[in-house]
Amino acid sequence: MQSVKVVGYKRVRTELQREDGYSLEYQEREIIKYCKDNHLELVEVYGDEAKSGTKAFAASSGEQEPEVVFRPGLVAMLDRLKQGDIAFVVVLATNRLWRSQEANLLICGRLKRLGVGVK
């Protein structure tokens, strides 16, 4: 049986989030545990620290669609997803990927075009 490959994504914006149990380490531990519990092959965990989810978009130079430029971990993850072998992005909560409606639409649209879901 072929394993389902996934990547993880973690993000923390403020010191308060770190103190309230959303530290990058905590998020990664929970992502790893979820993958083990659900028999998912975790390929890599990407992350961003102190990066806003609301000011993350600007026109990219080589593409027709907006690019996430202020969150290098997210950009690296999206680039990795282009290989086509990843089924899902695993996050502790979807607000680690997006908070604003604009970010939700852009990131979900990109994931959908890549054939990748979110768990």
Side-chain angles (χ1 to χ4, degrees):
M1 180 174 163
Q2 189 174 0
S3 64
V4 176
K5 290 184 178 182
V6 301
V7 295
Y9 182 74
K10 59 187 179 177
R11 180 175 65 89
V12 65
R13 169 91 165 97
T14 65
E15 188 63 39
L16 182 59
Q17 286 179 333
R18 287 183 201 96
E19 293 169 2
D20 284 345
Y22 283 99
S23 71
L24 293 174
E25 296 79 14
Y26 172 77
Q27 290 177 57
E28 187 161 345
R29 279 193 312 270
E30 290 299 306
I31 289 168
I32 291 168
K33 181 182 182 314
Y34 178 86
C35 291
K36 285 181 181 177
D37 290 349
N38 291 280
H39 311 289
L40 301 170
E41 181 183 342
L42 182 60
V43 174
E44 188 166 348
V45 177
Y46 295 88
D48 288 299
E49 185 169 11
K51 300 293 180 181
S52 170
T54 59
K55 295 188 275 183
F57 300 96
S60 130
S61 59
E63 298 181 28
Q64 293 297 319
E65 59 189 320
E67 183 61 82
V68 184
V69 295
F70 295 105
R71 290 167 57 188
L74 183 58
V75 171
M77 182 188 75
L78 292 171
D79 284 344
R80 170 61 179 86
L81 296 177
K82 292 176 185 176
Q83 293 180 22
D85 62 335
I86 302 298
F88 296 100
V89 174
V90 177
V91 292
L92 185 64
T94 57
N95 67 6
R96 300 300 84 211
L97 281 170
W98 59 74
R99 280 193 182 271
S100 72
Q101 189 65 20
E102 178 185 33
N104 179 342
L105 292 171
L106 291 170
I107 294 169
C108 282
R110 177 76 60 88
L111 293 175
K112 185 175 182 175
R113 284 189 297 283
L114 293 168
V116 177
V118 175
K119 286 191 175 278

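- Summarising the geometry of Glu41 relative to Ser3, their closest heavy-atom pair is OE1-OG, 2.5 Å, with the distance given to 0.1 Å.
- Just one residue in the list Glu44, Glu28, Glu25 forms a salt bridge (charged side-chain N to carboxylate O under 4.0 Å, His left out) with Lys10, and that residue is Glu28.
- Under the rule for a salt bridge (charged side-chain N to carboxylate O under 4.0 Å, His left out), the partners of Lys5 that lie at least two apart in sequence or sit in another chain are Asp85.
- Asp37 meets the salt bridge (charged side-chain N to carboxylate O under 4.0 Å, His left out) test with Lys33; sequence neighbours excluded.
- For the atom pair CG of Leu111 and CD1 of Ile86, the computed distance is 12.0 Å after rounding to the nearest 0.5 Å.
- Residues Gly8 and Leu42 approach most closely at N-CD1, 3.6 Å, considering heavy atoms.
- Contacts of Glu30 classified as salt bridge (charged side-chain N to carboxylate O under 4.0 Å, His left out), with partners at least two apart in sequence or in another chain: none.
- Using modelled atom types, one finds a donor on one side chain and an acceptor on the other under 3.5 Å when comparing Arg71 with Tyr9.
- Cluster annotation: Phe88 and Ile31 are assigned to the same hydrophobic cluster (Ile/Leu/Val/Met/Phe/Trp/Tyr, side-chain heavy-atom contacts under 4.5 Å, transitive).
- The line from CG of Leu78 to CZ of Arg80 is 12.0 Å long, rounded to the nearest 0.5 Å.
- Across all their heavy atoms, Asp48 and Leu74 have their closest contact at OD2-N, 3.0 Å.
- The distance from atom SG of Cys35 to atom NZ of Lys119, rounded to the nearest 0.5 Å, is 10.0 Å.
- Once rounded to the nearest 0.5 Å, the distance linking NZ of Lys112 with CG of Leu105 reads 11.5 Å.
- With hydrophobic clusters built from ILVMFWY side chains whose heavy atoms lie under 4.5 angstrom apart, Val118 shares a cluster with Met77.
- Cluster annotation: Val90 and Val43 are assigned to distinct hydrophobic clusters (Ile/Leu/Val/Met/Phe/Trp/Tyr, side-chain heavy-atom contacts under 4.5 Å, transitive).
- Judged by distance alone, the side chain of Arg11 and the main-chain N or O of Gly47 form no donor-acceptor pair under 3.5 Å.
- Residue Thr94 holds its OG1 atom at 10.0 Å from CD1 of Ile107, rounded to the nearest 0.5 Å.
- Among Val12, Val45, Ile32, the one residue that satisfies the side chain to side chain contact (heavy atoms under 4.5 Å, CB included) test with Gln27 is Val12.
- Under the 4.5 Å side-chain heavy-atom criterion for Ile, Leu, Val, Met, Phe, Trp and Tyr, Val6 and Leu81 are members of distinct hydrophobic clusters.
- Panel note: side chain Arg110, backbone Leu106; no donor-acceptor pair is recorded below 3.5 Å.
- Taken to the nearest 0.5 Å, the CG atom of Leu92 stands 12.0 Å off from the OH atom of Tyr34.
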